[in-house]
Amino acid sequence: MKEVRVVFTCQADFADLCLNELREAEPGARLERWLAPGVGILTAPGDFPSLSRRFQAARGEDGLEGKRLLFLRHIFPVDGCFVLPGGGIEGCREAYGFLADCARRMDRERPFSVQARCLDPKPEGDALHAVQYFFVDGLLGKGFRCDGARPETVLSIVIAQGAVYLGLSSAQENLSAWPGGMRRFARREDQISRAEFKLLEAIEAFSLPLPPGGWALDLGAAPGGWTKVLLEAGLRVTAVDPAALAPCLEQDPRVEHYRGLAQDFARENRRAFDLLVNDMRMDPAESAGIVCDLADCLAPGALAVMTFKLPSKKRTEQIRRGFSALEKRYRIRYARQLFHNRSEITVVCAKRDGGLPGPAGEKAAFA
């Protein structure tokens with residue numbers, strides 16, 4: 001039977017859970033070896049496009065509920081592997097052979113990018129950039145068009161343990177358009193907290209539709225990173241947290257601050273919301289219970305975006321309990337550990353039928 005070798009990535013602290021999920025999603029898969037913490041080579045039956053489609057289905061990317069591959073970030077096929085000679089990439093016959101193979105397989109109408117990473121702690125010289133530009137310049141010289149921002153074809157390169165691993169695939173097949181699934185955002189002068197990146201990444205990764213001009217509820221808001229992201233998306237926000245928000249938010253007329261506990265707000269609230277977000281540092285099942293208590297304040301089908309904060313032990317059980325609590329009032333659409341998550345996962349769910357009709361009201365959010 002035909003087999004494919006795949007480089008896969010995940011967060012290093014969750015590598016064991018990621019590997020277990022991969023084996024469940026693809027029973028014939030086996031770990032060849034780890035190249036670095038959170039980066040491994042997997043061998044699986046079939047070809048790479050078929051394997052990618054099965055993984056995407058398990059992540060909910062085909063319209064189904066995705067709860068089976070929480071920790072996998074990025075994959076690419078291992079189409080070639082070689083060791084750099086002492087003279088560098090220019091003296092490597094395998095590199096020229098792989099470049100010619102890429103040119104035969106690629107479509108000149110589809111822009112490409114070369115995504116290269118070095119996992120070795122102290123690479124000799126500038127090997128990473130030498131390898132990357134060898135392939136970029138070589139493909140440009142053969143008439144292909146490079147577009148690092150919106151590539152359709154990706155040549156993925158990983159240098160690890162002295163070897164160079166290469167694979168050619170479509171950007172969609174890799175599960176993430178970013179090298180290793182590492183989505184980075186530029187830090188801004190007006191940034192309130194690192195937590196902003198978590199919500200920005202979730203909006204992008206899951207293509208979340210945010211209702212412009214709607215009213216969002218932000219649980220555990222302080223100091224206000226997620227509230228700021230929602231304001232920039234055109235929403236008004238009720239921020240719930242006993243702690244103070246950043247001064248720029250406290251003075252913003254589009255922000256209403258309930259300075260108390262989310263549990264109390266759930267009992268006192270009288271407003272209808274178009275979106276709920278929740279980044280509270282709380283047991284997943286307890287946090288999900290509060291989100292369920294507020295379900296009647298959401299329009300049918302409205303989204304809730306939340307993080308499950310995971311302990312160092314019994315993580316799978318904590319996730320299962322959180323899902324079970326949420327599913328009483330919501331349908332889980334996506335659940336995944338994104339690059340900007342740490343010891344947590346991001347969960348996106350849609351409210352089941354029922355609840356308050358019509359758009360968000362204008363009366364006070366709490367009695």
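In the hydrophobic cluster analysis, where Ile, Leu, Val, Met, Phe, Trp and Tyr join through side-chain heavy atoms closer than 4.5 angstrom, Leu208 is grouped together with Val237. Leu139 and Val154 fall into different hydrophobic clusters, where Ile, Leu, Val, Met, Phe, Trp and Tyr residues are linked whenever their side-chain heavy atoms come under 4.5 Å apart, directly or through other members. Hydrophobic clustering, with ILVMFWY side chains joined whenever heavy atoms are under 4.5 angstrom apart, groups Ile159 together with Leu168. No continuous path of ILVMFWY side-chain contacts below 4.5 Å connects Phe339 to Phe197, so the two sit in separate hydrophobic clusters. Under the 4.5 Å side-chain heavy-atom criterion for ILVMFWY residues, a single connected hydrophobic cluster contains both Leu294 and Met280.
Between Glu3 atom CD and Leu42 atom CG the span is 10.0 Å, to the nearest 0.5 Å. Here Arg259 contributes atom CZ and Phe265 contributes atom CZ; the two are 16.0 Å apart, rounded to the nearest 0.5 Å. The CH2 atom of Trp226 sits 10.0 Å away from the CG atom of Leu219 when rounded to the nearest 0.5 Å. Atoms CG and CD, on Leu51 and Gln56 in that order, are 10.0 Å from each other to the nearest 0.5 Å. One finds the CD atom of Glu173 at 13.0 Å from the CZ atom of Phe55 (value rounded to the nearest 0.5 Å). The structure places CG of Leu70 at 9.0 Å from CG of Leu310, a figure rounded to the nearest 0.5 Å.
Annotation: side chain of Thr227 is in contact with side chain of Val255 (closest heavy-atom distance under 4.5 Å). Inter-residue side-chain proximity for Leu338 and Arg73 is flagged as unmet; no heavy-atom pair is nearer than 4.5 Å. A heavy-atom distance below 4.5 Å is not found between the side chains of Leu276 and Lys351. Looking at Glu26 and Leu22, their side chains never come closer than 4.5 Å, going by heavy atoms from C-beta outward. Put simply, the side chain of Asp279 does not reach to within 4.5 Å of the side chain of Val277, judged on heavy atoms. Counting heavy atoms from C-beta outward, Leu119 and Val158 have side chains that approach closer than 4.5 Å. The closest side-chain heavy-atom distance from Ser287 to Phe308 is not below 4.5 Å. For the pair Leu166 and Phe135, the minimum side-chain heavy-atom distance is below 4.5 Å.
Looking only at distances, no side-chain donor or acceptor of Asp274 sits under 3.5 Å from a matching main-chain atom of Gly214. Under the 3.5 Å distance criterion, the side-chain polar atoms of Arg352 are matched with a main-chain donor or acceptor of Tyr330. A donor-acceptor pair is defined here as one N or O able to donate and one able to accept, closer than 3.5 Å; such a pair exists between the side chain of His257 and the backbone of Asp241. Glu152 places no side-chain N or O within donor-acceptor distance of the main-chain N or O of Pro111, the cut-off being under 3.5 Å. At distances below 3.5 Å, not a single donor-acceptor pair connects side-chain atoms of Arg331 with backbone N or O atoms of Ala350. Without hydrogens or angle criteria, Glu196 side chain to Val229 main chain gives no donor-acceptor distance under 3.5 Å. Although no hydrogens or angles enter the test, the distance criterion places a donor-acceptor pair under 3.5 Å between the side chain of Gln337 and the main chain of Arg342. The main-chain N or O of Gly213 is found under 3.5 Å from a side-chain atom of Arg236 such that the two form a donor-acceptor pair. For Asp120 (side chain) and Gln161 (main-chain N/O), a donor-acceptor pair under 3.5 Å exists by modelled atom type.
Closest approach of Ile192 and Gly225 over heavy atoms only: CG2-N, 4.0 Å. Of all heavy-atom pairs spanning Ala163 and Cys81, the tightest one is CB-SG, 4.1 Å. Considering all non-hydrogen atoms of both residues, Leu175 and Arg59 come closest at O-NH2, 3.2 Å. The two atoms that bring Glu21 and Phe71 nearest to each other are OE1-N, 3.2 Å, heavy atoms only. Annotation for Ser193 and Pro223: closest pair CB-CG, 4.2 Å, computed over non-hydrogen atoms. Scanning all heavy atoms of the two residues, the minimum distance from Ile89 to Ala95 falls at CD1-CB, 3.4 Å.
No side-chain N or O of Ser156 forms a donor-acceptor pair with one of Gln115 less than 3.5 Å apart. Between the side chains of Ser50 and Arg53, at least one donor N or O lies within less than 3.5 Å of an accepting N or O.
Annotation: Phe82 is not in aromatic contact with Tyr165 [ring centroid separation under 6.0 Å not met]. The aromatic ring centres of Phe8 and Trp34 sit less than 6.0 Å apart.
No more than 12 heavy atoms of other residues, nucleotides or ligands sit less than 6.0 Å from atom CD of Gln172.
A salt bridge links Lys198 to Glu344: at least one charged side-chain nitrogen sits closer than 4.0 Å to a carboxylate oxygen. One finds a salt bridge joining Asp296 and Arg329 here, because a Lys/Arg side-chain nitrogen approaches an Asp/Glu carboxylate oxygen to under 4.0 Å. We find that Lys309 and Asp283 are not joined by a salt bridge, their nearest charged nitrogen and carboxylate oxygen being 4.0 Å or further apart. A salt bridge is defined here as a Lys NZ or Arg NE, NH1 or NH2 lying under 4.0 Å from an Asp or Glu carboxylate O, and Arg188 with Glu232 meets this definition.
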- request: Begin with the C-alpha distance, continue with both residues' side-chain angles, and end with the deciding distance and a verdict on side-chain contact (heavy atoms from CB on, under 4.5 Å) for Val4 and Val6.
  value: CA-CA 6 Å; Val4 61; Val6 174; 4.1 Å; yes

message: Applying side-chain contact (heavy atoms from CB on, under 4.5 Å) to Ile203 and Leu210, what does each step give before you reach the verdict?
response: CA-CA 8 Å; Ile203 292 169; Leu210 301 182; 3.7 Å; yes

- request: May I have the step-by-step check of side-chain contact (heavy atoms from CB on, under 4.5 Å) for Phe48 and Asn174, ending in yes or no?
  value: CA-CA 10 Å; Phe48 182 70; Asn174 290 359; 3.9 Å; yes

task: Take Leu303 and Arg333 through the test side-chain contact (heavy atoms from CB on, under 4.5 Å) and record every step on the way to the result.
output: CA-CA 9 Å; Leu303 293 181; Arg333 292 179 55 183; 3.3 Å; yes

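Cation-pi geometry between Arg315 and Phe14 is met: under 6.0 angstrom from the ring centre, within 45 degrees of the axis. A cation-pi arrangement is present between Arg271 and Trp215, with the terminal nitrogen or guanidinium carbon under 6.0 Å from the aromatic centre and inside a 45° cone about the axis. For the pair Arg183 and Phe185, the cation-pi criterion (under 6.0 Å, within 45° of the ring axis) is fulfilled.
Considering only residues two or more places apart in sequence or on other chains, Gln318 meets the side-chain hydrogen bond (donor to acceptor under 3.5 Å, both in side chains) condition with none of them. Judged as a side-chain hydrogen bond (donor to acceptor under 3.5 Å, both in side chains), and not counting sequence neighbours, Arg23 has no contacts.
Aromatic ring pairs are classed by plane angle as parallel below 30°, tilted from 30° to 60° and perpendicular above 60°; the pair Phe144 and Phe112 is perpendicular.
The side-chain hydrogen bond (donor to acceptor under 3.5 Å, both in side chains) analysis of residues 132-143, with sequence neighbours excluded, yields no pairs.
Applying the side-chain contact (heavy atoms from CB on, under 4.5 Å) test between Met306 and each of Thr346, Leu326, Ile290 identifies Leu326 as the sole match.
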